[in-house]
Amino acid sequence: MVVTIRKLVPADAAELLTLQHSLDKESSFMLLEPDERMSGLQQVREMIMNFAEGETSALIGAEVDAKLVGFMSIRGGNVRRNRHSAYVVIGVLKAYQGVGIGTGLFKEMDAWALKNGIIRLELTVMAHNERAIALYIKSGFKIEGTRVKSLRVDGQWVDEYYMSKILEQPDSTPI
């Protein structure tokens with residue numbers, strides 16, 4: 001299996017939208033339920049362009065045999081006080097989990113973040129999503145706290161962990 005990890009471009013919009021719909025259907029760990037994603041192709045194209053134009057944001061895809069099977073969004077702050085920080089979302093199709101794609105996306109994230117002055121990376125994860133938590137800890141994230149009753153999934157309250165990773169920049173010049 002050959003995995004390619006790269007920044008997404010507007011031409012990837014249809015495939016990204018298909019991937020997001022697939023993730024919404026196959027996993028209750030993503031934020032949106034299957035019928036909640038209302039983005040159209042043009043909106044996804046514009047979102048990709050906005051990520052590409054942002055100095056503190058990136059949208060990365062993982063392909064296997066030219067098929068988009070995973071993505072990571074990194075959305076950074078846009079004012080001086082928080083431009084060193086970015087919120088991360090990751091999704092990988094079930095059939096491609098456990099083969100290093102998530103790890104590859106996190107390695108690409110680290111390289112991008114260091115190059116772009118991002119010091120703090122943060123994410124949330126459902127407290128019972130043990131597989132994802134293990135990946136995040138392996139990638140250097142630590143649990144900072146618990147968001148109690150943060151979500152309601154299938155009629156049940158779900159807690160989320162707030163996790164972060166602090167990157168050491170090679171140069172400690174203020175951003």
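When reading the values below, keep in mind they use all heavy atoms of this one structure, side chains included, and skip hydrogens, waters and symmetry mates. The shown structure was predicted, so the numbers you read here are calculated from the model rather than taken from an experiment.
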CA sep, side-chain torsions, deciding dist, call: Ser22, Leu93, side chain to side chain contact (heavy atoms under 4.5 Å, CB included): CA-CA 8 Å; Ser22 295; Leu93 291 173; 3.8 Å; yes
Kindly indicate, with the supporting measurements, whether the criterion ring pair (Phe, Tyr, Trp, His ring centres under 6.0 Å) is fulfilled by Tyr161 and Tyr136. CA-CA 11 Å; Tyr161 290 137; Tyr136 303 156; over 10 Å; no
If you apply the rule side chain to side chain contact (heavy atoms under 4.5 Å, CB included), what do you find for Ile74 with Asn116, and how did you get there? CA-CA 11 Å; Ile74 310 161; Asn116 288 279; over 6 Å; no
Side chain to side chain contact (heavy atoms under 4.5 Å, CB included) assessment of Leu135 paired with Phe141: CA-CA 9 Å; Leu135 171 63; Phe141 283 79; over 6 Å; no
Could you walk me through whether Ile90 and Met109 pass the side chain to side chain contact (heavy atoms under 4.5 Å, CB included) check? CA-CA 11 Å; Ile90 183 173; Met109 173 201 72; over 6 Å; no
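Contact annotation: the side chain of Val89 never approaches that of Leu123 to less than 4.5 Å [non-hydrogen atoms, C-beta and beyond]. Contact check for Val64 versus Val99: no side-chain heavy atoms found under the 4.5 Å cut-off.
By the salt bridge (Lys or Arg N to Asp or Glu O under 4.0 Å) test, Glu108 pairs with no residue at all, sequence neighbours left out. Residues forming a side-chain hydrogen bond (donor to acceptor under 3.5 Å, both in side chains) with Ser164 (at least two apart in sequence, or on another chain): Glu144. In this view, Thr146 satisfies the side-chain hydrogen bond (donor to acceptor under 3.5 Å, both in side chains) rule with no residue, not counting sequence neighbours. Considering only residues two or more places apart in sequence or on other chains, Glu130 meets the salt bridge (Lys or Arg N to Asp or Glu O under 4.0 Å) condition with none of them. In terms of the side-chain hydrogen bond (donor to acceptor under 3.5 Å, both in side chains) criterion, Lys25 has no residue partners (sequence neighbours excluded). Scanning for side-chain hydrogen bond (donor to acceptor under 3.5 Å, both in side chains) contacts around Asn129 gives an empty result, with sequence neighbours left out. Applying the salt bridge (Lys or Arg N to Asp or Glu O under 4.0 Å) rule to Glu26 yields no partners; only residues at least two apart in sequence or on another chain are considered. By the salt bridge (Lys or Arg N to Asp or Glu O under 4.0 Å) test, Asp110 is found to be paired with Lys165, residues two or more places apart in sequence or in another chain being considered.
From Phe106, atom CZ reaches atom CD1 of Ile60 across 10.0 Å, with rounding to the nearest 0.5 Å. Here NZ of Lys149 is found 11.0 Å from CD of Gln156. Values are rounded to the nearest 0.5 Å. The CD1 atom of Ile118 sits 7.5 Å away from atom OG of Ser85, with the distance rounded to the nearest 0.5 Å. For the atom pair NZ of Lys7 and CZ of Phe51, the computed distance is 11.0 Å after rounding to the nearest 0.5 Å. In this structure, CG on Asn50 lies 10.5 Å from CG on Leu59, to the nearest 0.5 angstrom. Rounding to the nearest 0.5 Å places CE of Met163 at 12.5 Å from CD of Glu122.
Taken together through direct or relayed side-chain contacts under 4.5 Å among Ile, Leu, Val, Met, Phe, Trp and Tyr, Ile133 and Val148 form parts of separate hydrophobic clusters. The cluster map of Ile, Leu, Val, Met, Phe, Trp and Tyr, joined by side-chain heavy atoms under 4.5 Å apart, puts Tyr162 and Val153 in different clusters.
The closest donor-acceptor contact from the side chain of Ser27 to the backbone of Leu23 lies at 3.5 Å or more, if one exists at all.
Here the closest non-hydrogen pair linking Leu17 and Ser39 is CD1-O, 3.7 Å. Closest of all the heavy-atom pairs between Ala132 and Val125 is CB-CG2, 4.0 Å. Shortest non-hydrogen contact noted between Leu68 and Gly61 is CD1-CA, 3.8 Å. Nearest heavy-atom pair, Thr56 versus Gly77, reported as atom, atom and distance to 0.1 Å: OG1-O, 2.8 Å. The minimum heavy-atom distance between Ile5 and Ile101, with the atom names listed, is CD1-O, 4.3 Å. Scanning all heavy atoms of the two residues, the minimum distance from Leu114 to Glu168 falls at CD2-O, 3.5 Å.
Screening residues 151-163 for salt bridge (charged side-chain N to carboxylate O under 4.0 Å, His left out) gives Arg147-Glu160 as the qualifying pairs, with residues at least two apart or on separate chains. Evaluation of the side chain to side chain donor-acceptor pair (under 3.5 Å) test over residues 57-75, restricted to residues two or more places apart or in two chains, returns Arg6-Glu63.
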With a cut-off of 3.5 Å and sequence neighbours excluded, list every side-chain donor-acceptor pair involving residues 40-49.
unit_1 : atom_1 : unit_2 : atom_2 : d
Gln42  : OE1    : Arg45  : NH1    : 2.9
Gln42  : NE2    : Glu46  : OE2    : 3.1
Gln43  : OE1    : Gly40  : N      : 2.6

Distance-only check: which donor-acceptor pairs under 3.5 Å involve side-chain atoms of residues 29-38, not counting sequence neighbours?
unit_1 : atom_1 : unit_2 : atom_2 : d
Glu36  : OE1    : Glu33  : N      : 2.8
Arg37  : NE     : Asp24  : OD2    : 2.7
Arg37  : NH2    : Asp24  : OD1    : 3.1
Arg37  : NH2    : Asp24  : OD2    : 3.4

